[in-house]
Amino acid sequence: QVQLVESGGGLVQPGGSLRLSCAASGRTSSSYSMGWFRQAPGKEREFVGAIAWSGVTKYLGDSVEGRFSVARDNAKNTAYLQMNSLKPEDTAVYYCAASDFLTSISSRYAYWGQGTQVIVSS
């Protein structure tokens, strides 16, 4: 079992930045890939980004490419989502998840955090 806890969400003005963290505990010795997803009210869950255990291979969803980045620090069992140039349409609950696969498909992720709210508004 892996437990994931997100932090770092909040209210930010358009054009601002936030960094989300995802702290893992439990079976953290396993080589999980970490993914980030978001879900806005009335919308389906959307893939944001993912990063492999090595930290070398990573990719982002089309809607955030060029503005967001993903990183991880395995020594701290923590993954990060750096969000820059935020837009009102980035408002959502953001989730981190762990998977044996580096994938954008949410059903391939076995473990999920509880989510953290991000609101982009002036």
(message) For Arg108, give me all partners under salt bridge (charged side-chain N to carboxylate O under 4.0 Å, His left out), at least two apart in sequence or on another chain.
(response) none
(message) Quick one, Asp100 and Tyr32 - any side-chain contact, counting heavy atoms below 4.5 Å?
(response) yes
(message) If I take atom CZ from residue Arg72 and atom SG from residue Cys96, how far apart are they, to the nearest 0.5 angstrom?
(response) 10.5 Å
(request) Check whether any side-chain heavy atom of Glu6 sits under 4.5 Å from a side-chain heavy atom of Leu20, and report yes or no. (result) no
(message) Does any part of the side chain of Ser121, heavy atoms only, come nearer than 4.5 Å to the side chain of Leu11, both counted from C-beta?
(response) yes
(request) Check whether any side-chain N or O of Thr103 sits under 3.5 Å from a backbone N or O of Phe101 as a donor-acceptor pair, and report yes or no. (result) no
(request) Please name the residue in the list Asn84, Val70, Leu86, Val48 that meets the side-chain contact (heavy atoms from CB on, under 4.5 Å) test with Val64. (result) Val48
(message) Ignoring hydrogens, what is the shortest heavy-atom contact between Ser33 and Ala52? Give both atom names and the distance.
(response) OG-CA, 3.7 Å
(request) May I ask you to test the Leu4-Met34 pair for a side-chain heavy-atom distance under 4.5 Å? (result) yes
(request) Show your reasoning for whether side chain to side chain contact (heavy atoms under 4.5 Å, CB included) applies to Gln117 and Thr91. (result) CA-CA 8 Å; Gln117 178 74 57; Thr91 295; 4.2 Å; yes
(request) Each residue besides Phe47 in its hydrophobic cluster should be listed here, by chain and number; the cluster joins Ile, Leu, Val, Met, Phe, Trp and Tyr at side-chain heavy-atom distances under 4.5 Å. (result) Phe37, Tyr59, Val93, Tyr95, Leu102, Tyr109, Trp112
(message) side chain to side chain contact (heavy atoms under 4.5 Å, CB included) for Asp73 and Tyr80? Distances and angles first, verdict last.
(response) CA-CA 8 Å; Asp73 184 339; Tyr80 304 97; 4.1 Å; yes
(message) Arg19: which residues meet the side-chain hydrogen bond (donor to acceptor under 3.5 Å, both in side chains) condition with it, sequence neighbours left out?
(response) none
(request) Apply side chain to side chain contact (heavy atoms under 4.5 Å, CB included) to the pair Asp90 and Met83, showing each step before the final yes or no. (result) CA-CA 9 Å; Asp90 294 319; Met83 305 185 293; over 6 Å; no
(request) Please indicate whether Glu44 has more than 12 foreign heavy atoms, meaning atoms of other residues, nucleotides or ligands, lying under 6.0 Å from its CD. (result) no
(message) Just verifying a value: how many Å separate Ser106 OG and Glu46 CD, rounded to the nearest 0.5 Å?
(response) 11.5 Å
(message) Distance check, rounded to the nearest 0.5 Å: Phe68 atom CZ versus Leu81 atom CG?
(response) 6.0 Å
(request) Working to the nearest 0.5 Å, report the span between CD of Gln13 and OG of Ser17. (result) 12.0 Å
